[in-house]
J.: 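First the structure, then my questions, so here it is.
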Amino acid sequence: MSSPSTKTLDHIVHLTPPGSVNEVSRQFRDLGFHVLPGGTHAGGLTENAIVVLQDGAYLELISFTHPASHYPPGSPERQKRDANPWASKDPGWIDYAFLGSSSTSISELINARAKKDKSKIRYDPEVDGGRERNDGKVLKWRISAPSQDTGRGVAPFFCGDVTPREWRVPLDLPSNAEHPSGVLGIAYIRILVEDSDLSDMKANMTSVVGRSPVFNTSRRATWVLDTPRTDVAGGKPRLIISVPETANERWTLRERGEGIYEVAFLVRSGMKAGQAWTPYGKIVWL
């Protein structure tokens with residue numbers, strides 16, 4: 001049996017302050033996105049709204065339901081809140097997911113590749129996840145995530161659906177993916193890393209994706225990804241890992257650490273162009 005693909009972009013995660021899902025939904029609508037209600041994740045720590053795109057990928061607009069101070073110190077709830085991989089993240093683009101598998105261990109697959117490649121990336125064993133939609137439908141999936149000390153937020157996590165993916169990404173109604181901005185899909189995700197880490201990150205991502213970058217210099221590397229419906233938007237998304245190239249990028253890397261700097265969207269001809277802010281993360285219209 002052939003191994004599952006490990007280069008299909010599933011979604012990009014955008015974090016805002018606790019309890020702000022309604023506010024960020026309005027902000028993204030003002031930017032020209034059609035925002036759909038999401039729900040509360042299993043465990044009740046986070047909630048979300050989503051923006052589905054015609055290429056089959058989506059944006060997850062997520063926030064914690066409460067600040068950490070809401071939970072008594074030392075309580076099981078506080079311990080779970082503090083242990084969440086996004087608990088210490090600043091608002092903005094914080095993570096991204098590739099499409100995983102509910103039947104094959106993506107972690108074992110990538111770890112075997114990394115051992116063969118002699119790269120440093122390692123993925124933890126799969127864990128179960130889920131969310132209850134506002135209509136009461138319960139979604140289930142399996143998460144394969146990089147170990148905290150090997151690049152969470154720089155390397156993707158994987159989401160493998162146990163329940164049908166269309167429950168999680170409702171593309172059955174074409175209008176769900178129609179946006180006033182003219183957005184069709186993802187053009188690229190650009191990740192900033194330190195100069196000293198670029199070589200290791202290139203090797204790590206090669207082990208994750210399963211192939212070498214299509215473009216590779218001393219300053220950046222680019223991989224071509226798939227999406228669940230790549231042909232719809234007319235172009236495949238790129239994953240770019242680079243060192244900072246401007247003073248603002250150097251400031252961002254210093255203040256926020258390594259991770260997603262900007263997300264670019266393919267847009268219908270004659271619609272949006274240039275740049276925008278979410279207000280916590282950078283957007284490029286192409």
Side-chain angles (χ1 to χ4, degrees), residues 4-14 21-22 24-42 46-63 93 95-104 106 126 128-144 156-189 225-237 263-269 271-272 278 283 285-286:
S5 170
T6 55
K7 62 183 184 72
T8 299
L9 179 63
D10 186 75
H11 69 277
I12 307 170
V13 184
H14 182 277
V21 165
N22 289 337
V24 72
S25 296
R26 177 188 58 77
Q27 292 166 342
F28 270 73
R29 289 188 185 103
D30 290 345
L31 286 166
F33 292 99
H34 179 43
V35 182
L36 302 174
T40 301
H41 291 96
T46 54
E47 57 188 350
N48 71 1
I50 61 174
V51 176
V52 299
L53 306 173
Q54 290 188 21
D55 63 3
Y58 70 98
L59 310 180
E60 179 177 24
L61 312 181
I62 195 169
S63 77
W93 303 114
D95 215 338
Y96 64 114
F98 286 179
L99 188 61
S101 171
S102 61
S103 58
T104 299
I106 297 294
E126 277 75 15
D128 293 330
R131 170 167 62 85
E132 183 175 353
R133 297 195 327 194
N134 290 343
D135 62 5
K137 191 178 288 291
V138 176
L139 285 57
K140 296 181 180 180
W141 54 72
R142 298 188 78 205
I143 296 294
S144 313
F157 67 100
F158 287 76
C159 184
D161 293 284
V162 176
T163 51
R165 186 177 187 268
E166 55 266 28
W167 292 8
R168 182 167 59 92
V169 193
L171 282 163
D172 50 327
L173 289 176
S175 60
N176 284 347
E178 293 176 358
H179 304 281
S181 59
V183 163
L184 298 170
I186 302 296
Y188 67 77
I189 303 169
L225 306 178
D226 295 324
T227 57
R229 299 170 65 186
T230 298
D231 59 325
V232 175
K236 292 189 175 186
V263 176
F265 296 89
L266 294 167
V267 181
R268 292 187 190 279
S269 177
M271 303 293 283
K272 283 183 176 285
T278 66
I283 284 176
W285 312 107
L286 294 178

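What you see is a predicted model; the values in this text were computed from it and never measured.
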J.: Is there a side-chain contact between Trp167 and Leu139 (heavy atoms, below 4.5 Å)?
T.: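 Yes, close enough: below the 4.5 Å cut-off.
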J.: Taking only residues two or more places apart in sequence or in another chain, which ones pass ring pair (Phe, Tyr, Trp, His ring centres under 6.0 Å) with Tyr188?
T.: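 Testing Tyr188 for ring pair (Phe, Tyr, Trp, His ring centres under 6.0 Å), a comparison that skips the adjacent residues, returns none.
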J.: So does Asp10 pair up with Arg165, basic N to acidic O under 4.0 Å?
T.: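 Salt bridge flag = yes for Arg165 with Asp10.
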J.: What residues form a side-chain contact (heavy atoms from CB on, under 4.5 Å) with His41, not counting sequence neighbours?
T.: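 Partners of His41 under the side-chain contact (heavy atoms from CB on, under 4.5 Å) test: Thr46, Asn48, Glu60, Ile62, Arg131, Trp141.
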J.: Work out which heavy atom in Ala57 is nearest to a heavy atom in Ile186; give both atom names and the distance.
T.: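 Scanning both residues completely, I find the closest heavy atoms to be CB-CG1, 4.5 Å.
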J.: Atom OG1 of Thr278 and atom CG of Asp30: how far apart are they, to the nearest 0.5 Å?
T.: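 Between atom OG1 of Thr278 and atom CG of Asp30 there are 12.0 Å.
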J.: Give a yes or no on whether a salt bridge exists between Asp135 and Lys137, defined as a side-chain N under 4.0 angstrom from a carboxylate O.
T.: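 No, this pair does not count.
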J.: Answer yes if the ring centres of Phe28 and His34 are under 6.0 angstrom apart, and no otherwise.
T.: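 No; His34 has its ring centre 6.0 Å or more from that of Phe28.
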J.: If you look at every heavy atom in Pro37 and Ile50, which pair is closest and at what distance?
T.: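 Nearest pair, atom of Pro37 first, then Ile50: O-CG1, 4.5 Å.
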J.: Ignoring hydrogens, what is the shortest heavy-atom contact between Ala187 and Leu286? Give both atom names and the distance.
T.: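 That closest heavy-atom pairing would be CB-CD1, 3.8 Å.
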J.: Go through the steps for Phe157 and His11 under the test ring-ring contact (aromatic ring centres under 6.0 Å, His included), then give the verdict.
T.: CA-CA 10 Å; Phe157 67 100; His11 69 277; 5.6 Å; yes
J.: Does Asp226 come within less than 4.0 Å of Lys236, counting only side-chain N to carboxylate O?
T.: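 Yes.
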J.: Ignoring hydrogens, what is the shortest heavy-atom contact between Phe33 and Pro180? Give both atom names and the distance.
T.: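 Taking Phe33 first and Pro180 second, the nearest heavy atoms are C-CD, 4.4 Å.
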